[in-house]
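Read the numbers this way: they start at 1 and go in the same order the structure lists the ligands and their atoms.
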Amino acid sequence: MITDIQDTATLEATRDFMPINGTDYIELYVSNSKQAAHFYKSAMGFQSLAYAGLETGETDRQSYVVVQDKIRLVLTSPLKSGTDIGRHIDQHGDGVKVVALWVNDATAAYETAIERGARSYMEPQVLTDEHGRVVKSGIYTYGETIHMFVERKDYDGVFMPGYEKWETPDYNPEPIGLKYVDHMVGNVALGKMNYWVEFYEKVMGFKQILSFDDNDISTEYTALMSKVMSNGNGRIKFPINEPAAGLKKSQVEEYLDFYEGEGIQHVAVATDDIIGTVTALKSRGIEFLRVPTTYYDTLIERVGHIDEDLEPLKELGILVDRDDEGYLLQIFTKPVEPRPTMFFEIIQRKGANSFGKGNFKALFEAIEREQELRGTL
Ligand code: FE2
């Protein structure tokens, strides 16, 4: 059963207690920040933005910040042993540590969240330099993942105090059309989905806008359940998955095993031209999950008229789904690190506000074929 319980009046009412303007940045802890920055520039079209390291007074970490339209990634590695960053990478592999949320008042957001039961990661801190001030504060969400509140209304530098502009005059590959973070999905442990749904409701004022049970998301072998949480203005969407019983190990269990805990499963980034974006990504070496070409035999029957030609969609492996409001096009990369954990989704929305339910079965069968190859099904 798919349940749409969005209620405009209640979404409206939540706006005041935790207003969020959008995603501020996503920080990944990675084993080699320098090479990761090169990958995100070369393969995914990000641009050099900012840098922190020994040269800026950091003693234990190095971070590169890359940007594409509204998407900022911070890529952080330790500079020595015995750091929390290094321990995080040892346990989880490369992965998302921080989902930072852009707010007007990072102190109020923090105090509200703590009052409502959040666990503190960092009390509000005021950072200043010649470009102004940024206030940051942080709380824990699932696993070791952090939400950082970032207040930057009094700042006009490139990123934030502590970082210098990162200029690379000799190497700036073209952007490939990624525009903003559409949604970020978390995988949580068996029986924990509703716990985190309540966390986002109670602590952050989010509302559940969709739910999928194992009848929606199951194949012959594996199943999962998912609920989609959204903030008041709808700019932040966090689907939360938990594994459901199946004949074999589900992709969520595989993630939890290899990430050694709960965490971010995929980051969905939006484009206005998915054919152009995916063509560029493929030519730069990004690998995507493939569904069987028979998927396209019945596609138009299933989704009706679409503006795009079928042939390039079929050639690139782009999936299409329709809901009451319109349609969407989407495709998923293979994991972008050694462990079968985090991956990206590229999505183009043409009216649809949903998440591609009609593609779940074909997609999960494609994931199972990959699991089979890894021996983890
Ligand atoms: Fe997604």
With a 6.0 Å cut-off on the ring centroids, do His305 and Tyr327 count as close?
no
Mind listing the protein N/O/S atoms less than 2.8 Å away from the Fe ion (ligand 1)? Waters don't count.
His183 NE2, His266 NE2, Glu345 OE1
Which ILVMFWY residues are connected to Leu54, directly or by a chain of links, through side-chain heavy atoms under 4.5 Å apart?
Leu79
Taking the six-membered ring for Trp and the single ring otherwise, decide whether the centroids of Phe332 and Phe344 are under 6.0 Å apart.
no
Taking the hydrophobic residues Ile, Leu, Val, Met, Phe, Trp and Tyr, and joining any pair whose side-chain heavy atoms are under 4.5 Å apart, which ones share a cluster with Tyr140?
Tyr25, Tyr29, Leu49, Val65, Val67, Val74, Ile85, Ile89, Val98, Tyr121, Met122, Leu127, Val134, Ile146, Met148, Val150, Tyr155, Val158, Phe159, Met160, Tyr163
For residues 324-346, which residue pairs pass the salt bridge (charged side-chain N to carboxylate O under 4.0 Å, His left out) check, not counting sequence neighbours?
Lys334-Glu370
Using the benzene-type ring in the case of Trp, are the ring centres of His183 and Phe355 under 6.0 Å apart?
yes
